[in-house]
Protein chains: 2
Amino acid sequence: MTVPDRYFDDLAIGDAIATASITVTREDAIEFARRYDPQPFHLDDEAARKSVFGRLALSGWQTVGYAMRLLVETKVFHATGILGTGVDELRWPAPTYPGDTLTAKSEIITLTPDPKGKPRGLVTLQVSVFNQDGTCVLAFKPTMTMIKRP
Amino acid sequence: MTVPDRYFDDLAIGDAIATASITVTREDAIEFARRYDPQPFHLDDEAARKSVFGRLALSGWQTVGYAMRLLVETKVFHATGILGTGVDELRWPAPTYPGDTLTAKSEIITLTPDPKGKPRGLVTLQVSVFNQDGTCVLAFKPTMTMIKRP
């Protein structure tokens with residue numbers, strides 16, 4: 001499927017962006033934790049059982065990583081790239097576990113043209129990530145720079 | 001080095017937490033991008049040269065991952081774990097490149113005992129990550145749950 005290139009000018013507040021889904025593997029969960037979040041409840045079944053998670057859970061940052069990948073793979077931002085300047089109000093309302101299937105829903109909530117009139121602007125999304133039961137496991141508001149149509 | 005276990009009761013606003021350093025490899029940068037942020041300027045030298053980054057740059061989320069790892073490895077939060085509930089005001093003021101050496105500085109900015117008197121509380125940190133030139137490449141305010149001393 002070819003997605004037409006989109007630029008800052010092509011976006012409107014309220015535009016929705018649906019993503020594909022991705023299923024998390026136990027192997028990838030442990031690999032991520034080893035590198036970026038080496039806490040016992042992300043690495044070891046026995047430690048996880050005794051923790052608030054009850055069983056091996058993903059690092060919350062890995063859930064964010066999957067949300068990013070799902071957004072990139074929509075190719076909606078392909079023309080200018082997702083050039084993140086920051087993120088606000090990131091929340092993990094529930095854990096993600098190996099075997100979960102994640103899907104993201106996004107909506108454009110703010111569009112700010114460059115104040116000096118440069119051919120670009122800032123785009124803020126509300127992104128929510130759900131597991132296979134419809135439980136929200138992650139919500140955040142990323143802001144990125146996008147260029148105007150050349 | 002043994003770090004004594006610390007609980008919610010042991011923390012004070014203004015407490016500083018210094019981390020070790022970590023040097024980013026090109027191999028790890030590409031590996032992370034392939035899995036979580038597969039955009040050309042994180043994967044391919046030629047594409048990166050033509051981008052705003054000028055050369056291959058890390059996914060901003062990988063820089064966050066390294067900050068998390070540096071915080072975990074201080075073992076300051078070892079007793080209760082870093083159980084993140086959310087993050088506010090995350091900013092990437094400059095890119096991270098392969099070869100960069102990252103160090104984090106953190107300070108406790110808010111302590112909120114459980115409103116219902118449960119033996120736990122919320123801790124908010126201001127975390128800033130610097131490269132070898134002293135340039136800030138990441139700042140964010142994570143909030144986590146910590147239990148009180150048993």
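If you're wondering where the values come from, they're calculated on a predicted model, not measured in any experiment. Because only heavy atoms are used, hydrogens play no part in the values below, and waters and symmetry mates are left out as well, while side chains stay in. Letters A, B, ... mirror the listed sequences (proteins, then strands); counts begin at 1.
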Joint hydrophobic cluster, B:I147 plus B:F8, side-chain heavy atoms closer than 4.5 Å = no

Assign the ring pair B:Y66 / A:Y36 to parallel, tilted or perpendicular, where the plane angle (0 to 90°) is split at 30° and 60°.
-> perpendicular

Shared ILVMFWY cluster between B:L125 and B:L111, side chains joined below 4.5 angstrom?
-> yes

Aromatic ring pairing B:W61/A:W61, orientation class (parallel under 30°, perpendicular over 60°, tilted between) = tilted

Side-chain heavy-atom pair B:Q62, A:R35 within 4.5 angstrom cut-off | no

Answer key: most heavy-atom pairs under 4.5 Å with chain B among A:T145, A:D37, A:L70 is A:D37

Does any non-hydrogen side-chain atom of B:V87 lie less than 4.5 Å from one of A:W92?
-> yes

Is it the case that more than 12 heavy atoms not belonging to A:E46 sit under 6.0 Å from its CD atom?
-> yes

Can you hop from A:M68 to A:I17 via hydrophobic side chains spaced under 4.5 Å?
-> yes

Could A:D88 and B:R91 be called an ion pair, given the rule that one side-chain N must be under 4.0 Å from one carboxylate O?
-> yes

Using the side chain to side chain contact (heavy atoms under 4.5 Å, CB included) rule, take B:L83 and A:F53 through it: C-alpha gap first, then chi angles, then the decisive distance, then the call.
-> CA-CA 10 Å; B:L83 297 167; A:F53 297 114; 3.7 Å; yes

B:V76 with B:V72, same ILVMFWY side-chain cluster at under 4.5 Å = yes

Winner by heavy-atom pair count (cut-off under 4.5 Å) against chain A, out of B:E89, B:R69, B:H78 = B:R69

Hey, is the main chain of A:I82 close enough, under 3.5 Å, to the side chain of B:Q39 for a donor-acceptor pair?
-> yes

Among the clusters formed by ILVMFWY side chains lying less than 4.5 Å apart, do A:I13 and A:L122 turn up in the same one?
-> no

Answer with side chain, backbone, both or neither: which region of B:L138 has an atom nearer than 4.5 Å to a non-hydrogen atom of chain A?
-> neither

